[in-house]
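Contents: one structure, followed by commentary.
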Amino acid sequence: MSAVVFDNVSKLFGPVRAVNAVSLRIEPGTLVTVLGPSGCGKTTSLRLIAGLELPTEGQIYIGEQEVTHLPANARNIAMVFQSYALFPHLSVLENVAYGLTVSRVPRREAHQRARSALAQVGLEGFDKRLPSELSGGQQQRVAVARALVLEPDVLLFDEPLSNLDARLRRQVRQDIRDLQQRLGLTVVYVTHDQAEALAISDQIVVMEQGKIAQLGTPRELYEAPRNRFVARFIGEANVVPAQLDSVDNTGLGLIRLADLQFHVPVIGQSVGPVWLALRPEALNLQRQAGALSIAGTVSTAAYLGSFMEYSIDTELGPLFVIDRNISEPYAPAAAVWVDITAHSVAVVES
Ligand code: ATP
């Protein structure tokens, strides 16, 4: 399995910079998701790896080889599409063996390898069925087997779960993750679903308007989002203005928020106005004031089975809070205190 490297890669479509000066390294054997809102350049980035688009500027490497101007068929890459793109008139086995027979692998060997790829995705015994005789999740697995059989250096997924219902999505995304880890595959996976990205990735690349907004592990992106965009895109966040009064030599900042003062680790921010991202599930609602709390009034309360969702009016504006205490919920108009904990806060750029 190979690394994928982008060195200052841009892709222009007329005046549109779909990918804008992106540099990144995807380590071999890791699963990296490219996450971002519609139109941020995710699919274009994937197509650049596949050779389905060629960059306007910069270099792309797969393993040791520079592939910048190599066409798709000269790269050892396989791609799984959102639509699966199975041939409806071919059996499951023939679909999976197709790429091998096109590359003139003898039919017998092609079928043997196709059978073992089907076994890897848990579809033994489905050889003779037509795609129309499979469920959506099974069709998705055939598409994965068809990619695996080519023994690619890198496996690319373009929103592979979009056509599945919520329950199946969770199952299939875990299947893909298990397979990736079992076979040590290098996988680049495009999605606009942050929960999917958090659940399966070694690293997440968050893109905004053709650029990398942040690259990191799911935990890094969630707990230390670099800017407001990432804080709002990964999970939910209340983003409020605050003041950074000082930073000590261990990187601990003294934050002033309303009339509260507390310490939070800061990375690279300088003293002055800053934004704080407050995670809704890390804020605690209390009936009495704590050491670090802000007074508020419940504006809306919603019961969601295993937790309550509140909107609390405070002097910082409305705060969105998730509370696991469902046995004694707060009623609208109740006076509450919103406790701020160190875990709930990240200092972000605007
Ligand atoms: P989505 O989640 O909606 O699929 P995306 O993040 O994958 O979006 P891209 O498909 O990479 O976004 O598109 C990035 C930008 O490049 C968009 O502004 C899009 O309109 C533009 N674009 C993509 N392909 C082309 C093309 N072939 N010709 C012109 N513009 C294009």
Side-chain angles (χ1 to χ4, degrees), residues 4-26 31-62 67-73 75 77-85 136 140 143-144 147 154-166 168-170 172-173 176 186-201 203-216 218 221 225-236:
V4 177
V5 175
F6 272 33
D7 185 5
N8 209 21
V9 170
S10 295
K11 175 66 184 178
L12 278 75
F13 294 109
V16 177
R17 275 190 177 262
V19 173
N20 192 358
V22 166
S23 294
L24 71 93
R25 179 183 167 85
I26 292 170
L31 191 157
V32 174
T33 46
V34 184
L35 178 69
S38 185
C40 70
K42 305 182 294 292
T43 300
T44 305
S45 303
L46 204 67
R47 291 171 62 83
L48 284 165
I49 300 173
L52 298 170
E53 302 287 355
L54 298 181
T56 316
E57 294 156 9
Q59 282 85 40
I60 300 176
Y61 301 83
I62 295 174
V67 299
T68 312
H69 298 291
L70 279 190
N73 61 10
R75 303 184 188 192
I77 294 288
M79 191 149 163
V80 177
F81 297 92
Q82 184 176 340
S83 60
Y84 317 145
Q140 174 57 253
V144 174
V154 182
L155 188 52
L156 308 177
F157 287 89
D158 191 6
E159 305 243 1
L161 310 183
S162 308
N163 294 332
L164 306 177
D165 65 44
L168 201 53
R169 285 173 80 104
R170 207 169 304 135
V172 177
R173 83 181 182 208
I176 291 173
T186 307
V187 169
V188 187
Y189 186 110
V190 163
T191 180
H192 62 263
D193 180 338
Q194 50 103 4
E196 197 170 302
L198 287 173
I200 63 169
S201 311
Q203 299 266 316
I204 301 175
V205 181
V206 181
M207 288 189 76
E208 182 186 16
Q209 295 185 351
K211 284 182 171 290
I212 296 181
Q214 193 169 354
L215 189 161
L221 294 194
R226 188 179 296 154
N227 59 31
R228 295 166 73 187
F229 175 81
V230 177
R232 288 203 167 117
F233 202 77
I234 304 275
E236 302 238 23

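The analysis underlying the following values was restricted to heavy atoms, covering all of them including side chains, and did not include hydrogens, waters or symmetry mates. Please read these numbers as outputs of a predicted model, since none were measured by experiment. Whatever order the structure lists ligands and atoms in, that order sets their numbers, starting from 1.
- Atom-to-atom distance recorded for Ile26:CD1 and Ile49:CD1 is 5.0 Å, nearest 0.5 angstrom.
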For ligand 1, list every N/O pair with the protein closer than 3.5 Å, one pair per line with the distance.
{"from": "ligand 1", "atom 1": "2 (O)", "to": "Lys42", "atom 2": "NZ", "distance (Å)": "2.8"}
{"from": "ligand 1", "atom 1": "3 (O)", "to": "Ser38", "atom 2": "OG", "distance (Å)": "2.6"}
{"from": "ligand 1", "atom 1": "6 (O)", "to": "Gly39", "atom 2": "N", "distance (Å)": "3.4"}
{"from": "ligand 1", "atom 1": "6 (O)", "to": "Cys40", "atom 2": "N", "distance (Å)": "3.1"}
{"from": "ligand 1", "atom 1": "6 (O)", "to": "Gly41", "atom 2": "N", "distance (Å)": "3.0"}
{"from": "ligand 1", "atom 1": "6 (O)", "to": "Lys42", "atom 2": "N", "distance (Å)": "3.0"}
{"from": "ligand 1", "atom 1": "6 (O)", "to": "Lys42", "atom 2": "NZ", "distance (Å)": "3.0"}
{"from": "ligand 1", "atom 1": "7 (O)", "to": "Thr43", "atom 2": "N", "distance (Å)": "2.8"}
{"from": "ligand 1", "atom 1": "7 (O)", "to": "Thr43", "atom 2": "OG1", "distance (Å)": "2.7"}
{"from": "ligand 1", "atom 1": "8 (O)", "to": "Gly39", "atom 2": "N", "distance (Å)": "2.8"}
{"from": "ligand 1", "atom 1": "11 (O)", "to": "Thr44", "atom 2": "N", "distance (Å)": "2.9"}
{"from": "ligand 1", "atom 1": "11 (O)", "to": "Thr44", "atom 2": "OG1", "distance (Å)": "2.5"}
{"from": "ligand 1", "atom 1": "12 (O)", "to": "Gly41", "atom 2": "N", "distance (Å)": "3.4"}

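- Every ring pair (Phe, Tyr, Trp, His ring centres under 6.0 Å) that Phe157 has, sequence neighbours left out, goes to Tyr189.
- Taking all atoms of both residues into account, the shortest heavy-atom contact from Tyr84 to Pro160 is CE2-O, 4.1 Å.
- Of all heavy-atom pairs between Gln59 and Thr68, the closest is CA-OG1, 3.4 Å.
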Could you list the donor-acceptor pairs under 3.5 angstrom formed by side chains in residues 39-48, with sequence neighbours left out?
{"from": "Lys42", "atom 1": "NZ", "to": "Gly36", "atom 2": "O", "distance (Å)": "2.9"}
{"from": "Lys42", "atom 1": "NZ", "to": "Pro37", "atom 2": "O", "distance (Å)": "3.1"}
{"from": "Ser45", "atom 1": "OG", "to": "Gly41", "atom 2": "O", "distance (Å)": "2.7"}
{"from": "Arg47", "atom 1": "NE", "to": "Glu53", "atom 2": "OE2", "distance (Å)": "3.3"}

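- Residues passing the side-chain hydrogen bond (donor to acceptor under 3.5 Å, both in side chains) test with Ser10, sequence neighbours excluded: Arg17, Glu57.
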